[in-house]
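Computation of the quantities below employed the complete heavy-atom set of this structure, encompassing side-chain atoms and omitting hydrogens, waters and symmetry-equivalent molecules. Since this is a predicted model, take the numbers as computed values, not measurements. In what follows, chains are A, B, ... by sequence order, proteins preceding strands, each numbered from 1.
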Amino acid sequence: MLDIKLIRENTEQVIELLNRRGGDFSYLIDLVEKDQRRRELIIEIEKTKAQKNETSKKIGLLKREGKDVSEILLQVETFGESLLDNEKELKELEEFIYSGLLNTPNIPNESIPVGKNEEDNLLLKTVGIIPAFDFEPLAHWDLGTKLDILDFERASKITGSRFTVYKGLGARLERSLINFMTDLHAHEHGYTEIIPPFIVNRDSMLATGQFPKFEEDAFRVVDERELFLNPTAEVPTINMHRNEILSGDILPIKYTAFTTAFRQEAGSAGRDTRGIIRQHQFNKVELIKFTKPEESYFELDEMLKNSERVLQLLGLPYRVVTLCTGDLGFSMRKTYDIEVWLPSYNTYREIGSISNAEDYQARRGNIKFKRTKDAKPEYVHTLNGSGLAVGRTVVAILENFQQKDGTIKIPDVLIPYMRTDIIK
RNA sequence: GGAGGAAUACCCAAGUCCGGCUGAAGGGAUCAGUCUUGAAAACUGACAGGGCGUUUGUAGCGUCGCGGGGGUUCGAAUCCCUCUUCCUCCGCCA
């Protein structure tokens, strides 16, 4: 959520920066005007309340002395009416402003490229060598089926489309990657392991920015409570500290969380229908940080390195791009995407995304810190990154490390987890 | 699933039946000071925070604040409704 004070004081500039995402954010002018009226009302209401409080106190004192209060009681009734009307108007204004703010995305960082879509993303670097096959490489869905490690047909019998059964060494590869990634971040990169709940409530979805705008992307649990399947570990893990004031000396907090993520993929009906690139359910190892404002961009770059390390150790070719304003996620000010080379697509595909939300989620979730015991609380900055998407890593390994005979060579770092150096 | 109990400031805890100088007793912890070569102990003092509004102001003032939300009342920690969480016992279950 953006700070209404910031919008109030820099209306033009905020609108201009937001417009870089595409769309028209001039409605913020109306929001600022409503905010003006809101503050006028607060002054009036609080004046009346102060009067009322004082009179009530007086009644208490007089009653204690056994004096007659009927006259003063009549007098106090007149406060009521104007208060009721004003409070009703104030509530409506506040709801309007709050809803407006909840539906307004984060301001893009001024340094990131202005652009319409992924074509305008800025290439930062390309790492590794694209494999040259002396045979016709197969797509992972063919490899998976031939090796009997991915079963799409049975998954659709069990549930429906966009689900997969992992079987045998396929299942083990998935599980090996989860452990390998988590071990790497926990032991070598200094993150604390987390396994959060995979079901979250509405407030959590609201704090990280999935709701209210992207409710259709979530799986809802049919229940009298309003609960949703976790769409990304960012949601439960950032929300661990919702409504908390953290002590400054424990920052930055670094978590690596394993979750299974569930997404409707509502807007992607016809896309990536084959294979496991785009599933309703997939596993992810995520990196989450809570930092002081002045440290967040340093920590963002560190996080990118931590994510890249996974691909480097696995020996997968990838590239890193800075997302342009048009491709930037709703809650984020700056995002790097890591894209891995996929032979079947003959291109790089997103395998991870590392973002700084600055204080946007912290403000929605009321997550603060104090520099010292007596200091005024300030909002933390929240960061999250993939460390990485496990399913897509499986795809990358199958496709990049396939051999002429249809077997898959296992990267050295995974052999201890896999207990084999080949899938055949 | 059934039957009970609880939620008060950093922690513990009184107040809630019978609404009014309770914007919240008391204790612990913490911080500052006295004493001491230094420390401990003892003693003295400070200790509700956070949001919002006003304001040049981390000053002052106002407002809200006793798990969350709503209501009754001139006035609510205290009465009513509702939700959440935790605890005890029974049942079921990995």
Side-chain angles (χ1 to χ4, degrees), chain A residues 1-9 31-102 195-207 211 221 223-228 236 239-250 260 292-293 359-380:
Chain A
M1 195 161 59
L2 300 180
D3 185 0
I4 185 71
K5 282 181 201 154
L6 177 86
I7 303 174
R8 189 194 296 159
E9 283 156 24
L31 229 59
V32 169
E33 282 165 7
K34 291 229 165 47
D35 174 61
Q36 174 64 29
R37 174 68 185 145
R38 170 184 146 261
R39 287 182 294 148
E40 288 166 8
L41 274 172
I42 287 173
I43 294 170
E44 244 180 278
I45 287 169
E46 293 194 349
K47 229 191 265 172
T48 314
K49 278 189 173 172
Q51 259 177 14
K52 215 172 118 180
N53 286 345
E54 208 182 317
T55 313
S56 295
K57 218 170 199 174
K58 215 188 281 173
I59 292 171
L61 286 172
L62 287 174
K63 271 202 161 176
R64 185 178 304 271
E65 293 167 22
K67 291 184 179 158
D68 178 43
V69 294
S70 53
E71 200 175 312
I72 203 166
L73 230 46
L74 280 173
Q75 185 191 325
V76 91
E77 272 173 33
T78 56
F79 296 146
E81 303 132 32
S82 73
L83 198 60
L84 225 59
D85 287 348
N86 283 338
E87 279 186 328
K88 189 175 167 236
E89 190 186 346
L90 177 66
K91 198 176 171 187
E92 282 166 7
L93 279 173
E94 280 180 337
E95 274 167 11
F96 184 90
I97 293 165
Y98 184 56
S99 148
L101 290 176
L102 283 181
I195 301 179
F198 291 3
I199 295 180
V200 300
N201 59 29
R202 177 169 289 276
D203 285 344
S204 295
M205 295 290 265
L206 209 74
F211 285 8
V221 178
D223 184 276
E224 66 273 16
R225 296 165 292 186
E226 282 204 285
L227 299 176
F228 305 87
N239 274 284
M240 282 174 64
H241 295 297
R242 175 151 48 83
N243 293 326
E244 286 186 20
I245 298 175
L246 305 163
S247 149
D249 51 27
I250 64 167
T260 301
K292 292 177 185 168
D359 65 359
Y360 186 87
Q361 294 176 322
R363 190 169 261 112
R364 283 174 164 248
N366 190 28
I367 307 171
K368 298 184 176 179
F369 78 102
K370 279 190 188 182
R371 290 180 190 276
T372 61
K373 198 168 159 280
D374 306 310
K376 205 173 77 176
E378 300 169 57
Y379 288 109
V380 298

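Following rounding to the nearest Å, A:D3 (CG) and B:G51 (P) show an atom-to-atom distance of 12 Å. If you take CD1 of A:I245 and C1' of B:A9, they are 13 Å apart, rounded to a whole angstrom. If you take CZ of A:R363 and C1' of B:G50, they are 15 Å apart, rounded to a whole angstrom. Here B:U63 presents its C1' atom at 14 Å from CD of A:Q51, a figure rounded to the nearest Å. Between the CG atom of A:D203 and the P atom of B:G69 there is a distance of 12 Å, given to the nearest Å. The separation between A:L84 atom CG and B:G71 atom P is 9 Å, rounded to whole Å. Whole-Å rounding puts the A:K370 NZ to B:U58 P distance at 16 Å. Rounding to whole angstrom units, NZ of residue A:K47 and P of B:C64 are separated by 16 Å.
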For nucleotides 52-55 of chain B, tabulate all protein N/O to nucleotide N/O atom pairs closer than 3.5 Å, reporting atom names and distance.
residue: B:C52; atom: O3'; partner: A:R38; partner atom: NH2; Å: 3.0
residue: B:G53; atom: OP1; partner: A:R38; partner atom: NH2; Å: 3.1
residue: B:U54; atom: OP1; partner: A:R39; partner atom: NH1; Å: 3.2

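Taking atom C1' in both B:U72 and B:C52, one finds a spacing of 26 Å when rounded to whole Å. As rounded to the nearest Å, B:A94 and B:A6 have P atoms that lie 34 Å from one another. Only the C1' atoms considered, B:A9 is 14 Å distant from B:G26, to the nearest whole Å. Annotation: B:U8 and B:U30 have their P atoms spaced 22 Å apart (nearest Å). Annotation: B:C31 and B:C10 have their C1' atoms spaced 13 Å apart (nearest Å). With C1' as the reference atom, B:A48 and B:A29 are 16 Å apart, rounded to whole Å. Taking atom C1' on both nucleotides, B:C93 is separated from B:C79 by 41 Å, rounded to a whole Å. When the C1' atom is compared between B:A42 and B:C35, the two are found 9 Å apart, to the nearest whole Å.
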Taking only distance into account, with no hydrogens and no angle test, what donor-acceptor pairs under 3.5 Å do side-chain atoms of residues 55-62 of chain A form with protein atoms, sequence neighbours excluded?
residue: A:T55; atom: OG1; partner: A:Q51; partner atom: O; Å: 2.8
residue: A:S56; atom: OG; partner: A:K52; partner atom: O; Å: 3.1

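Within the nucleic acid shown, A:K57 has no heavy atom closer than 4.0 Å to any nucleic acid atom. Using a 4.0 Å heavy-atom distance criterion, A:K49 is classed as a sugar-phosphate-only contact.
With B:G50, B:C74, B:G62 as the candidates, the nucleotide lying closest to the side chain of A:A50 is B:G62. Taking the side chain of A:K52 as heavy atoms from C-beta on, and the options B:G51, B:C74, B:U63, the nearest nucleotide is B:C74.
Stems are defined here as 3 or more consecutive Watson-Crick or G-U wobble pairs with pairing distances under 3.5 Å; those involving RNA chain B are B:1-7 with B:84-90, B:10-12 with B:26-28, B:30-34 with B:42-46, B:50-54 with B:60-64, B:67-71 with B:79-83.
A residue-by-residue look at A:A375 and A:I59 shows that A:A375 has its nearest nucleotide of RNA chain B further toward the 5' end. Of the two residues contacting RNA chain B, namely A:T55 and A:R225, the nearest-nucleotide position lying further toward the 5' end is that of A:T55.
Nearest heavy atoms, A:N86 versus A:E44: ND2-OE2, 3.4 Å. Between A:R242 and A:I367 the shortest heavy-atom distance is CA-CG1, 3.8 Å. Residue A:L206 comes nearest to A:Y98 through the heavy atom pair CD2-OH, 3.9 Å, listed as atom of the first residue, atom of the second, then distance. Across every non-hydrogen atom of A:P293 and A:R371, the tightest pair is CD-NH2, 4.1 Å.
Here the side chain of A:N239 pairs a donor or acceptor atom with the backbone of A:S204 at under 3.5 angstrom. In this structure a side-chain-to-backbone donor-acceptor pair under 3.5 Å is present from A:R364 to A:L102. In terms of modelled atom types and a separation under 3.5 Å, the side chain of A:R38 and the main chain of A:E94 share no donor-acceptor contact.
Between A:N53 and B:U63 there is a side-chain N or O to OP1 or OP2 distance below 4.0 Å.
For the atom pair CD (A:E378) and NZ (A:K368), the distance works out to 10.0 Å, reported to the nearest 0.5 Å.
Here A:E40 pairs with A:R37 in a salt bridge; the nearest charged N to carboxylate O distance falls below 4.0 Å. The pair A:K88-A:D85 does not meet the salt-bridge criterion, since no charged nitrogen lies less than 4.0 angstrom from a carboxylate oxygen.
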